[in-house]
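Every chain is numbered from 1 and lettered A, B, ... according to where its sequence line falls, protein lines coming before strand lines. These numbers come from a predicted model, not from an experiment.
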Protein chains: 2
Amino acid sequence: MSGDITTSRDADQTRQNILEVALKEFSEYGLTGARVDRIAKGTRTTKGMIYYHFGDKDGLYKAVLEEIYPKLRKSEEKLDKSNLSPIEELEKIIDFTFEYHKNNENFVRMVMIENINNGETLRKTDVDTGVSQNILMELSSILIRGQKEKVFNRNISPIDLHLLYTSFCFYRVSNHHTVSTVLGMNMLSSSNSIRHKRLVKDVIIAYLLSSEP
Amino acid sequence: MSGDITTSRDADQTRQNILEVALKEFSEYGLTGARVDRIAKGTRTTKGMIYYHFGDKDGLYKAVLEEIYPKLRKSEEKLDKSNLSPIEELEKIIDFTFEYHKNNENFVRMVMIENINNGETLRKTDVDTGVSQNILMELSSILIRGQKEKVFNRNISPIDLHLLYTSFCFYRVSNHHTVSTVLGMNMLSSSNSIRHKRLVKDVIIAYLLSSEP
DNA sequence: TTTTACACTAACTAGATAGTCAGTTGATTC
DNA sequence: GAATCAACTGACTATCTAGTTAGTGTAAAA
């Protein structure tokens, strides 16, 4: 019995099970559209446990939200950037960002949903800003190296650089339904994905290589 | 009585009044978060009229959604592009897009909400795709002129070009809550807005001017 | 003037939904 | 092996919410 992975009476496992189901529910239906009863049905446990472990619906939503940013950071940290030129390292980061958004629509949707919620819940969490500090430090070092080597000729802040590629990677996933409808295409088709992945890198590199007019 | 702007027993005026209030409600709370009773309270009329004129909540949501794209198109058409170089014309279009998103957070939020809704409602409307056809034709003509004049050295489709600048203009508004929290800044501050507006144009122009490696 | 039809109101209803609670179970401690 | 306590269940409830309906007011047609 104690070797059984799905043994009950293990609070951590129960919490984790609830969180997994809740992530699906919230990202599919939004904060207000999610149904606690539907989440409960999807778990190995009962609705009472959701309230026992997370207090209320908002508490559960907050717990789900608190998990998604650290997950992104952990993936990001796995990147190996040894012995790369500034351009290569930047391309590797953009590739990662592109793939992560493409493969984690749940993440993208949760972020959208939290923005519809005016970011109120995220502001209440002690969201590990180390997430972004790491990546910003890295972008900063790339920019400095590129400028020292006279490869990059533009002054741009790490934050703006980050916004430039992230906005594209995010938007093509977050808005694929409306864009595909309005423009009569399939934004996430594999041919579009391949071309877009190349495009976002080319555009940013072209900018960094170019000089102020 | 009949000269009174807020005269009742005018179906068109009633519909318009409901639509205005509904846009605010839906864009603030989302499709599932919006409350029909709250909309009714905000109008000059009663809840019964919402059902009388729009059938049900989804019908009202659809009517709101159907209004926002044509509004964007009408604004876009007002742009005067006579006697401009390809670069100037493109800059004018990007400026417009940037300002429209910045000044119409309601529009941005409705699009987000519809994507959370998997674009199901938009697909049911006969959304005037002329909206985008016009702008795509214009981008196409800019690209062709720029290439003929040997100013632009890149092959990019009008759609991809459109996606590039729109994604940035959209994202900085749609995600300003979470980004501002995570990066510890105010994305929509006027100094950021001014810099971003310059940046998105510079990046795209730099790309078009550069040549394939 | 009467009729007709559209525009409208206020009170109502059925069902959904977040949240509660009294009691049970099982592992751990003494 | 009894006591303790965290983990858990299932049935319950108050409230909220989309949607309905019976009937009223008004303007224009007949």
Next item on the list: Classify every nucleotide of nucleotides 19-24 of chain C by which part a protein heavy atom approaches to under 4.0 Å, writing B for the base, S for the sugar-phosphate alone and - for neither, in 5'-to-3' order.
Entry: BB----

Item checked: Whole angstrom value for the distance that separates P of dC6(C) from CZ of Arg15(B) -> 15 Å

Item checked: Whole-Å distance separating the CZ atom of Arg44(A) from the C1' atom of dT9(D) -> 16 Å

Note to self: Can you list, in residue-number order, the parts of residues 113-124 of chain A that come under 4.0 Å of DNA chain C, counting heavy atoms only?
What the structure shows: none

Next item on the list: Report yes if a side-chain nitrogen or oxygen of His53(B) is closer than 4.0 Å to either non-bridging phosphate oxygen (OP1 or OP2) of dC8(C); otherwise report no.
Entry: yes

Next item on the list: Look at the side chain of Glu25(A) and the backbone N and O of Arg35(A), then say whether any donor-acceptor pair between them is shorter than 3.5 Å.
Entry: yes

Next item on the list: Could you tell me whether Glu91(A) and Arg198(A) have a side-chain N and a carboxylate O separated by less than 4.0 Å?
Entry: yes

Notebook entry, point to check: If you look at every strand shown and take non-hydrogen atoms under 4.0 Å, does Ala34(A) touch a base, only sugar-phosphate, or nothing?
Noted result: sugar-phosphate

Next item on the list: Ignoring backbone atoms, test whether Arg35(A) places a side-chain nitrogen or oxygen under 4.0 Å from the OP1 or OP2 oxygen of dA18(C).
Entry: yes

Notebook entry, point to check: Out of Glu138(B), Glu89(B), Glu76(B), which one pairs with Lys81(B) under the salt bridge (charged side-chain N to carboxylate O under 4.0 Å, His left out) rule?
Noted result: Glu138(B)

Notebook entry, point to check: Rounded to whole angstrom units, what separation is found between the CD1 atom of Ile50(B) and the C1' atom of dT17(D)?
Noted result: 13 Å

Next item on the list: Output yes when a side-chain donor or acceptor of Asn192(A) lies under 3.5 Å from a complementary backbone atom of Asn186(A), and no otherwise.
Entry: yes

Next item on the list: Return yes if some donor-acceptor pair links the side-chain N/O of Arg123(A) with the main-chain N/O of Thr181(B) below 3.5 Å, else return no.
Entry: no

Checklist line | d(CD, Gln16(A); C1', dA7(D)) in whole Å | finding: 17 Å

Note to self: Strictly distance-based, threshold 3.5 Å: is any side-chain N or O of Lys92(A) a donor or acceptor partner for the main-chain N or O of Asp80(A)?
What the structure shows: yes

Check: Do Lys201(B) side-chain atoms and Tyr165(B) backbone N/O form a donor-acceptor pair below 3.5 Å?
Finding: no

Check: Is there a side-chain polar atom (N or O) of Tyr52(A) under 4.0 Å from OP1 or OP2 of dA7(D)?
Finding: yes

Note to self: Could you tell me how far apart Arg38(A) (CZ) and dA18(C) (C1') are, to the nearest whole angstrom?
What the structure shows: 14 Å

Item checked: Whole-Å gap separating C1' (dA18(C)) and CE (Met49(A)) -> 16 Å

Margin query: Would the distance check show the side chain of Asn117(A) and the main-chain N or O of Gly119(A) forming a donor-acceptor pair, the cut-off being under 3.5 Å?
Written below: no

Note to self: Less than 4.0 angstrom between a side-chain N/O of Thr14(A) and OP1 or OP2 of dC8(D), yes or no?
What the structure shows: yes

Next item on the list: Please state how far atom CG in Asn17(A) lies from atom P in dC8(D), giving the value in whole angstrom units.
Entry: 10 Å

Next item on the list: Go through dA10(C), dG10(D), dA7(D) for me and flag the one nearest to the Ala11(A) side chain.
Entry: dA7(D)

Next item on the list: Give a yes/no answer on whether the side chain of Thr45(A) brings an N or O atom under 4.0 Å of OP1 or OP2 in dT9(D).
Entry: yes

Next item on the list: Return yes if a side-chain donor-acceptor contact under 3.5 Å exists between Glu20(A) and Asn17(A), otherwise no.
Entry: no

Margin query: Output the rounded distance in Å from CD1 (Ile18(B)) to P (dG19(D)).
Written below: 14 Å

Next item on the list: Taking salt bridge (Lys or Arg N to Asp or Glu O under 4.0 Å) as the test, write out the residues that go with Lys197(B), two or more places apart.
Entry: Glu99(B)

